[in-house]
2 protein chains.
Amino acid sequence: MHKEHTLTKNQQIIFDLIDKSPEPMKAYSILFNVQKKGIKAPLQVYRALDKLVEIGKIHKIESRNAFIACHNSSCQVSKATAFSICEICEKITEISSASLSKYLANFKDKDGMKYSKYNLEFFGLCKKCR
Amino acid sequence: MHKEHTLTKNQQIIFDLIDKSPEPMKAYSILFNVQKKGIKAPLQVYRALDKLVEIGKIHKIESRNAFIACHNSSCQVSKATAFSICEICEKITEISSASLSKYLANFKDKDGMKYSKYNLEFFGLCKKCR
DNA sequence: TTTGAATTGTTATAATATAACACTATGTAA
DNA sequence: TTACATAGTGTTATATTATAACAATTCAAA
């Protein structure tokens, strides 16, 4: 299907941390958490994050400057992402809806242009906060 | 329809600048451009930007940390936005498609939850860059 | 006319992200 | 094996984006 990327040491450390986290993590929070593993500088974190985003193992929540592990097997390399964000508790969930992704992938703008890459962030209140 | 907001001096200066700009503007570029008008500090810019976003006169392009004037009369107070972004020349266009906004406003997630606020950013190549 | 909410001005600082450069590991093709 | 390219690492410094805190001012509504 898609190339399996063998993560390097830094990438693996940072991916594991994000993957275990129940919520999206910010870069400097990641840095703080991995300093005991020898990752000392922001750039080491950002480089790993860039790569992990590139290969689809994590996604960036643009409106929050935070990173979340991808749990949607179908978007491992895809850059077509959708999230719901609770404006009270900040709970963030990746949306994997075949109909939504189909609709967006087929959407044509005024010029007839289609886009395979997109990022969609929905805002509202989650079940608990309603 | 919606309340007309009278912009304050700083808000007006900053809105005018963004509105005249052919491309989205970043906060510190705005600051540089309005210093001759007496706006000297980042916070003065950010406060005006916050307000202008709140009332729907401008939108923030989250993936670019840049601000663009709204030219879509139907979203003056709405927080339901969609943009296309050219990955080469960085041309950014607000998309106003009734069918897209209708689809997204009616989209229900797994929990049956609907969202009136969203931000969608499409990435691809514009006509010129293709 | 006073009073309350929003806005302003200012200094300082926090949070997010990249530049530049030397060095190291790893895969691959001659 | 050698050597070559590509990707990753470690490090220091710095750039970019954004907010905290507090005092002063404006301005419209009661």
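Lettering of chains follows the sequences in order, A, B, ..., and the numbering in each one begins at 1.
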Notebook entry, point to check: When you measure from the side chain of B/Q11, which nucleotide among D/dT9, C/dT8, D/dA18 comes out closest?
Noted result: C/dT8
Next item on the list: Would you indicate, yes or no, if C/dT8 has its OP1 or OP2 atom less than 4.0 angstrom from a side-chain nitrogen or oxygen of B/T8?
Entry: yes
Margin query: Check for me, please, whether A/V45 and A/V53 land in the same ILVMFWY cluster - side-chain distances under 4.5 Å, paths through other members count.
Written below: yes
Checklist line | Test side chain to side chain contact (heavy atoms under 4.5 Å, CB included) applied to A/N119 and A/K79, step by step | finding: CA-CA 7 Å; A/N119 180 54; A/K79 300 278 171 55; over 6 Å; no
Notebook entry, point to check: Per the end-axis method with five pairs at each terminus, what is the bend angle of the helix from C/dT1-D/dA30 to C/dA30-D/dT1, to 10°?
Noted result: 40°
Notebook entry, point to check: When you check the phosphate oxygens OP1 and OP2 of D/dT17, does a side-chain N or O of A/N65 lie under 4.0 Å from one of them?
Noted result: no
Next item on the list: Send over the distance from B/E62 CD to C/dT16 P, rounded to a whole Å.
Entry: 13 Å
Next item on the list: Using atom CD of B/Q12 as one end and atom P of C/dT7 as the other, report the distance to the nearest whole Å.
Entry: 14 Å
Next item on the list: Would you indicate, yes or no, if C/dT8 has its OP1 or OP2 atom less than 4.0 angstrom from a side-chain nitrogen or oxygen of B/K9?
Entry: no
Checklist line | Nucleotide C/dT26, atom C1' - distance to NZ of A/K51 in whole Å | finding: 14 Å
Next item on the list: Mark yes or no for whether A/Q44, through its side chain, and A/N10, through its backbone, hold a donor-acceptor pair below 3.5 Å.
Entry: no
Check: For the pair made of CG in A/D50 and P in C/dT16, what is the distance, rounded to whole Å?
Finding: 15 Å
Notebook entry, point to check: Is A/N106 reaching over with its side chain to a backbone N or O of A/K102, donor-acceptor style, under 3.5 angstrom?
Noted result: yes
Item checked: Distance test, side-chain N/O of A/N10 to OP1/OP2 of D/dG10, below 4.0 Å -> yes
Margin query: On the nucleotide C/dT10, are OP1 or OP2 found under 4.0 Å from the side-chain N or O atoms that B/Q44 carries?
Written below: no
Check: Shared ILVMFWY cluster between A/L31 and A/I58, side chains joined below 4.5 angstrom?
Finding: yes
Notebook entry, point to check: Along nucleotides 22-27 of chain D, 5' to 3', which nucleotides get a B, which get an S, and which get a -, given that the test is a protein heavy-atom distance under 4.0 Å?
Noted result: ------
Check: Are B/I30 and B/I39 linked, directly or through other ILVMFWY residues, by side chains that come within less than 4.5 angstrom of each other?
Finding: yes
Checklist line | Residue mapping more 5' on DNA chain D - nearest nucleotide basis, A/A48 or A/P42 | finding: A/A48
Note to self: Donor-acceptor check, side chain of A/E121 to backbone of A/E62, threshold 3.5 angstrom: yes or no?
What the structure shows: yes
Note to self: Is there a path of hydrophobic side-chain contacts, each under 4.5 Å between heavy atoms of I/L/V/M/F/W/Y residues, joining A/Y28 to A/I13?
What the structure shows: yes
Check: A/M25 and A/I55: same hydrophobic cluster, using ILVMFWY side-chain contacts below 4.5 Å?
Finding: yes
Check: Should A/Y46 be listed as having a side-chain N or O under 4.0 Å from OP1 or OP2 of C/dT18?
Finding: no
Notebook entry, point to check: So, A/Q11 side chain and A/K51 main chain: donor-acceptor pair closer than 3.5 Å or not?
Noted result: no
Next item on the list: Could you tell me if the ring centre of B/F107 sits under 6.0 Å from that of A/F122?
Entry: yes
Notebook entry, point to check: Hey, can you pull the residues of residues 23-39 of chain A with a non-hydrogen atom under 4.0 angstrom from DNA chain C?
Noted result: A/K26, A/Y28
Item checked: Nearest non-hydrogen partners of A/S116 and A/A80, listed with the distance -> O-CB, 3.7 Å
Check: Rounded to the nearest Å, what distance is computed from the CG atom of residue A/L7 to the P atom of nucleotide D/dA7?
Finding: 16 Å
Next item on the list: Whole angstrom is fine here: how far is it from CZ in A/R64 over to P in C/dA17?
Entry: 14 Å
